[in-house]
Amino acid sequence: MIEAGDAIGFRGAAPRRPRSLILSSNVDLAWLARGLERHGHEVEVHGSDGEMPEMVPVASDSLRADDYQLILHCHMPTQPSPGPITKLDHAQWAAQCEEPARRTLQSLQLAQSHIAANGAIVGLGPAFALNGTAGLAGFSMALETQRTLVKSAARQWASRAFSINWVALAPARLVPGLADADGIGRFVVGPDLRRPPADEPIAALLAMLATGGGAALNGQTLVADGGEWMVP
Amino acid sequence: MRKPFSLEGRVALITGVGPDLGTGIALALAEAGAAVALAARGKTVPDALAQMIAGDNGNACALECDVTDPGQVQSSVAAVLATFGRLDIVVQVASSTGSHAQPLETIRLEEWDAQTQVTTRAAFNLARSCHAALRANGSGRMIFVTSAYGLSGDGGNPIYSACKGGLRGFVKSLAKEWGEDGITVNAIAPSSTSANTEAYFLSNPDAWDVFRKAIPMRRMGDPRTDIGPAVAAMASDAFRFVSGQTIPIDGGLYTSL
């Protein structure tokens with residue numbers, strides 16, 4: 001697991017490789033950091049796999065650069081588990097819904113002051129919320145709050161020289177404990193032709209967004225799950 | 001034979017009943033035959049509206065309810081059951097009045113929390129408290145008020161649009177969770193006039209001109225004659241097989257769903 005403040009392959013020396021920053025909570029993105037490294041990125045990670053205090057513990061002056069080509073933010077609930085909404089207490093609701101959304105706000109605020117010209121700020125979330133899943137209403141609300149905030153940020157900062165998008169991944173990528181939850185996998189139509197993407201194409205897509213090739217995309221939702229859902 | 005759009009014998013709880021959208025929805029539901037429980041933090045509007053509906057041979061009661069307080073929400077549901085004996089329709093109109101345009105980078109967490117409590121936390125409070133009553137009759141209707149800005153995002157007012165977008169995720173998942181109970185869960189995204197929007201556009205005619213041109217029907221919806229009746233239809237048997245959807249009621253403003 002990656003610990004808060006870990007730097008993976010960050011050397012900070014010229015000639016510059018593209019710099020990526022990952023702001024995350026309650027999710028293991030080591031696979032993605034390694035994938036970005038294979039695409040030549042220097043990757044700095046501030047996150048945890050479940051031990052986050054209330055706020056994102058990333059102070060602006062603790063970052064190692066102020067010109068990241070790619071800033072990823074991904075905030076999941078603490079120990080998400082499916083269950084009826086009527087069984088959730090308020091503390092569980094806060095953990096499932098409110099805390100992840102707050103961290104996205106904080107991450108966007110931090111990201112906009114540390115993104116390089118022509119860079120990309122990308123939010124990551126599991127794709128199930130685009131379609132809804134029984135037993136995960138609070139988590140779904142968090143994800144759609146996050147995704148709409150990304151759209152608003154993209155609109156508000158549209159005149160600035162960076163892009164802001166959302167990439168929805170197969171749930172197993174971000175919340176493996178929910179991978180087998182009823183209805184979370186895919187919209188079942190016809191034979192099972194699912195083609196779950198490996199680490200490499202996901203890292204390649206994200207790296208591409210931080211280049212000129214991704215500049216035309218802003219405020220978009222890209223579903224990078226190999227075709228599990230095919231929404232909207 | 002029951003008329004498909006009739007709400008005769010049904011009971012509705014509407015939260016956030018102010019003078020505009022809440023009133024329009026309440027009057028339309030009452031006109032379709034529902035008994036209506038009118039809830040708001042202050043009872044001035046609900047009291048006057050309940051009297052008006054009663055004077056028109058309708059059935060209504062007023063309730064004081066702060067939707068951010070789970071105890072008050074639970075008490076309100078209990079009061080509806082005690083007064084009318086059942087609950088079939090719940091419409092969450094309540095939304096933060098503190099919403100305003102601002103740069104995203106200046107949003108304080110306290111402000112974020114205050115506004116999300118009234119929209120997203122309130123939706124949780126309401127869903128938790130209403131489920132048993134809605135399930136009891138096998139034809140429950142839960143309707144949330146979201147916004148076109150919850151679909152598209154809003155460069156002006158990020159908190160508002162984020163809350164409204166979040167509601168859509170909630171609606172989709174809750175619809176799947178409650179489908180077996182015969183409860184439909186939907187959202188509307190209205191473009192609705194209010195005293196505030198009218199005042200704003202009167203003092204900002206250029207903004208109105210831009211917005212008006214974005215609406216194919218060249219006007220915002222009237223809560224009483226445009227929005228309320230559509231909600232009444234969604235609450236009726238005619239919409240018994242529609243669930244998990246966000247229905248724009250906006251004169252064609254948002255067409256990208």
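Convention: sequence-line order gives letters A, B, ...; per-chain numbering from 1. We use all heavy atoms of the structure for the numbers below, so side chains are in, but hydrogens, waters and symmetry mates are not. All figures in this text were calculated on a predicted structure; none of them were measured in a lab.
Contact of A:A101 with chain B is made through backbone and side chain together, with heavy-atom distances under 4.5 Å. In this structure, chain A has no heavy atom under 4.5 Å from any part of B:A132. With a 4.5 Å cut-off on non-hydrogen atoms, A:P84 touches chain B through its backbone and its side chain both. Residue contact with chain B, scored on non-hydrogen atoms closer than 4.5 Å, is absent for A:L143. With a 4.5 angstrom heavy-atom cutoff, A:A153 touches chain B via backbone and side-chain atoms both. Both the backbone and the side chain of B:S152 come within less than 4.5 Å of a heavy atom of chain A. Contacts between B:E180 and chain A at a heavy-atom distance below 4.5 Å are absent for every atom of the residue. Contacts of B:T116 with chain A are absent, with no heavy-atom separation under 4.5 Å from either backbone or side chain.
The existence of a salt bridge linking B:R121 and A:E98 is confirmed by a sub-4.0 Å separation between a basic side-chain nitrogen and an acidic carboxylate oxygen. The pair A:R102-B:D113 meets the salt-bridge criterion, with a side-chain N (NZ, NE, NH1 or NH2) lying under 4.0 Å from an Asp/Glu carboxylate O. Under the 4.0 Å criterion applied to side-chain N and carboxylate O atoms, A:D89 and B:R128 are not assigned as salt-bridge partners. By the 4.0 Å N-to-carboxylate-O rule, A:D67 lies close enough to A:R19 to be salt-bridged with it.
Of the N and O atoms on the side chains of B:T68 and B:D66, at least one donor lies less than 3.5 Å from an acceptor on the other residue. Under the 3.5 Å distance criterion, with hydrogens and angles disregarded, no donor-acceptor pair is assigned to the side chains of B:T146 and B:R168. In summary, the side chains of B:E111 and B:H100 do present a donor paired with an acceptor at a separation below 3.5 Å, with no hydrogens or angles considered. Side-chain N/O atoms of B:S173 and A:S140 include a donor and acceptor closer than 3.5 Å.
The candidate from A:G138, A:C97, A:G135, A:A129 with the greatest count of non-hydrogen atom pairs under 4.5 Å with chain B is A:G135. Note: A:T86 leads A:V150, A:L108, A:T86 in heavy-atom pairs under 4.5 Å with chain B. When B:W178, B:F170, B:Y149 are compared by the number of non-hydrogen pairs under 4.5 Å with chain A, B:F170 comes out ahead. The choice from A:M141, A:E144, A:Q112 that makes the most heavy-atom pairs within less than 4.5 Å of chain B is A:M141. Of the listed residues (A:R147, A:Q109, A:K151), the greatest number of heavy-atom pairs within a distance under 4.5 Å of chain B belongs to A:Q109.
Summarising the geometry of A:L136 relative to A:P82, their closest heavy-atom pair is CD2-CA, 3.8 Å, with the distance given to 0.1 Å.
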